[in-house]
Amino acid sequence: MDVFEILSALDRREEQIEIKLKKIIEANLNPFPMDRIHKAKLLLKLIYEFKKHVEADEFILAGMKLRDLEIEGLKILSLHDPV
C-alpha cells in the first residue's frame with residue numbers, strides 16, 4: 001500500500017467524518033450524542049496526527065497512528081474502494 005493511496009483514502013474519510021459529525025450535531029435526535037461526537041473528533045485527531053507524521057517523514061509513528069485508526073474501526077482502504 002502506497003503512502004499516497006493512504007493519504008488519499010484518509011482525505012475522503014476525513015470529509016465523510018466531518019459531514020457525519022455535522023449531521024449528528026444538527027439532527028440532535030439524542031440531546032447528548034457525546035459518544036458519537038467524541039468518536040468523530042478522535043478519528044479526525046488521529047488522521048491529523050498521521051498526516052503530520054507523514055509530512056515529517058516519521059513513517060514509524062505514522063504507521064502507529066494508522067494502526068490506531070484501524071483499532072478505532074476506521075477502514076482505510078478496502079478491496080471495493082476505488083483509488
Partners passing side chain to side chain contact (heavy atoms under 4.5 Å, CB included) against [X] (at least two apart in sequence or in another chain):
{"X": "Tyr48", "result": "Lys52"}
{"X": "Lys45", "result": "Glu49"}
{"X": "Lys22", "result": "Glu26"}
{"X": "Glu72", "result": "Lys39, Leu42, Leu43, Leu46"}

Atom [atom1] of [X] and atom [atom2] of [Y]: how far apart are they, to the nearest 0.5 Å?
{"X": "Asp68", "Y": "Ile47", "atom1": "CG", "atom2": "CD1", "result": "12.0 Å"}
{"X": "Ile6", "Y": "Phe50", "atom1": "CD1", "atom2": "CZ", "result": "5.0 Å"}
{"X": "Asp35", "Y": "Ile24", "atom1": "CG", "atom2": "CD1", "result": "8.5 Å"}
{"X": "Arg13", "Y": "Leu74", "atom1": "CZ", "atom2": "CG", "result": "6.0 Å"}
{"X": "Arg36", "Y": "Lys23", "atom1": "CZ", "atom2": "NZ", "result": "11.0 Å"}
{"X": "Gln16", "Y": "Leu10", "atom1": "CD", "atom2": "CG", "result": "11.0 Å"}

Handout entry: Within one Ile-Leu-Val-Met-Phe-Trp-Tyr cluster: Leu69 and Leu61, side-chain cutoff 4.5 Å
Key = no
Exercise for the section: Give a yes or no on whether Val3 and Leu66 share a hydrophobic cluster (residues Ile, Leu, Val, Met, Phe, Trp, Tyr; joining criterion: side-chain heavy atoms under 4.5 Å apart). Expected result: yes
Problem - Heavy atoms from other residues, nucleotides or ligands near CD1 of Ile60 exceed 12 (cutoff 6.0 Å) - result: no
Exercise for the section: For Glu18, check side chain to side chain donor-acceptor pair (under 3.5 Å) against everything at least two apart and list the hits. Expected result: none
Completion exercise
Residues passing the side chain to side chain donor-acceptor pair (under 3.5 Å) test with Asp11, sequence neighbours excluded, are Lys51
Practice task
Heavy atoms only: give me the nearest Ala40-Ile17 pair and the separation to one decimal.
Solution key: O-CG2, 3.7 Å
